[in-house]
J.: 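My questions all concern the structure below.
Because the structure is predicted, anything quoted here is derived from the model rather than measured.
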Amino acid sequence: QVQLVESGGGLVQAGGSLRLSCAASGLTFNERTMGWFRQAPGKKRECVAAISWSGIYKYYADSVKGRFTISRDNAKSTVYLQMNSLKPEDTAVYYCAAGLGAAYDTAEAKYDYWGQGTQVTVSS
């Protein structure tokens, strides 16, 4: 049974920081590309960051580049998203996903396992 469990979401003021975590089980974590996606009300889901199995290759959406950092700890089967300088437009449900594509391939079809999501709310 594959399971991805996100944590770390919450309410933060604009300019603040949050760190999201995603703990994976039931798969070979160090063979998987890991991604973070988000979906705001009325918006389609988008990939905000992804990281290759080795951690060498990383992808960031233009809207978060320079503010967010994705990392992984293969020994703990955990991927993280450090979010700094948060803006109200970052408010969304954030999802962790495990995929088989390259980190730069953000297509949702490349990800076969998804977490339940964690809410991030950034106040003005």
J.: Between Leu20 and Val12, is there a shared hydrophobic cluster once you connect ILVMFWY residues whose side-chain heavy atoms come closer than 4.5 Å?
T.: yes
J.: For Glu89, give me all partners under salt bridge (charged side-chain N to carboxylate O under 4.0 Å, His left out), at least two apart in sequence or on another chain.
T.: none
J.: Check Leu4 against Cys22 and note the closest heavy-atom contact, atom names and distance.
T.: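 Heavy atoms only, the tightest pair is CB-SG, 4.0 Å.
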J.: Same cluster for Ile70 and Val48 if Ile/Leu/Val/Met/Phe/Trp/Tyr side chains link at under 4.5 Å?
T.: yes
J.: Would you give the length of the straight line joining atom CG of Asn74 to atom CD of Glu31, rounded to the nearest 0.5 angstrom?
T.: 10.5 Å
J.: Starting at OG1 of Thr69, measure out to CG of Asn84 and round the result to the nearest 0.5 Å.
T.: 6.5 Å
J.: Say whether Gln116 and Glu6, considering side chains only, have a donor N or O and an acceptor N or O under 3.5 Å apart.
T.: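 Yes, Glu6 and Gln116 have a side-chain donor paired with an acceptor closer than 3.5 Å.
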J.: Which heavy atom of Ala103 sits nearest to which heavy atom of Ala50, and what is that distance?
T.: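 Here Ala103 and Ala50 meet closest at O-CB, 3.3 Å.
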J.: Ignoring hydrogens, what is the shortest heavy-atom contact between Thr78 and Ser21? Give both atom names and the distance.
T.: CG2-CB, 4.4 Å
J.: Please list all pairs meeting ring pair (Phe, Tyr, Trp, His ring centres under 6.0 Å) that have one or both residues in residues 46-69, counting only residues at least two apart or in different chains.
T.: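 For residues 46-69: none.
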J.: Walk me through whether Arg45 and Glu108 qualify under side-chain contact (heavy atoms from CB on, under 4.5 Å).
T.: CA-CA 9 Å; Arg45 189 158 58 188; Glu108 292 188 14; 3.1 Å; yes
J.: Between Val122, Thr121, Thr91, which is the residue that forms a side-chain contact (heavy atoms from CB on, under 4.5 Å) with Leu11?
T.: Thr121
J.: Once side-chain contact (heavy atoms from CB on, under 4.5 Å) is applied, do any residues pair with Ser77, and if so which ones, sequence neighbours excluded?
T.: Phe29
J.: Kindly state each residue pair satisfying ring pair (Phe, Tyr, Trp, His ring centres under 6.0 Å) with at least one member in residues 83-124, sequence neighbours excluded.
T.: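 Sorted result for residues 83-124: Phe37-Tyr111, Phe37-Trp114.
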J.: Looking at SG of Cys47 and CH2 of Trp36, how far apart are the two atoms once the value is rounded to the nearest 0.5 Å?
T.: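 Going from SG on Cys47 over to CH2 on Trp36, the span is 11.5 Å.
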J.: When you group the ILVMFWY residues by side-chain heavy-atom contacts below 4.5 Å and let the links chain together, are Tyr80 and Leu27 in the same group?
T.: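 As far as the 4.5 Å side-chain criterion goes, Tyr80 and Leu27 are not connected within one cluster.
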J.: To the nearest 0.5 Å, what is the distance between CG on Asn30 and OG on Ser52?
T.: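 OG of Ser52 is found 11.5 Å from CG of Asn30.
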J.: Give every residue pair that meets the salt bridge (Lys or Arg N to Asp or Glu O under 4.0 Å) criterion with at least one member in residues 54-74, sequence neighbours excluded.
T.: Arg67-Asp90
J.: Any side-chain heavy atom of Ser71 sitting closer than 4.5 Å to one from Gln82?
T.: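 No, their side chains stay 4.5 Å or more apart.
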J.: State, to 0.1 Å, how close Ala40 and Ala92 come at their nearest heavy-atom pair, and which atoms those are.
T.: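 Heavy atoms only, the tightest pair is N-CB, 3.8 Å.
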J.: Show your working on side-chain contact (heavy atoms from CB on, under 4.5 Å) between Gln39 and Glu46 and close with a plain yes or no.
T.: CA-CA 7 Å; Gln39 187 167 29; Glu46 63 173 339; over 6 Å; no
J.: Which salt bridge (Lys or Arg N to Asp or Glu O under 4.0 Å) pairs, counting each pair once, include a residue from residues 112-124, with sequence neighbours left out?
T.: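 Every pair satisfying salt bridge (Lys or Arg N to Asp or Glu O under 4.0 Å) with a residue in residues 112-124: Arg32-Asp112.
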J.: For the atom pair CZ (Arg19) and CE (Met83), what is the distance rounded to the nearest 0.5 Å?
T.: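 Answer for the CZ-CE pair, Arg19 versus Met83, is 11.5 Å.
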J.: Apply the test side-chain contact (heavy atoms from CB on, under 4.5 Å) to residues Thr33 and Ile51: give CA-CA distance (whole Å), side-chain angles for both, the deciding distance (0.1 Å), then the verdict.
T.: CA-CA 6 Å; Thr33 292; Ile51 185 169; over 6 Å; no
J.: Report yes or no: do Leu81 and Val64 belong to one cluster of Ile/Leu/Val/Met/Phe/Trp/Tyr joined by side chain heavy-atom distances under 4.5 Å?
T.: yes
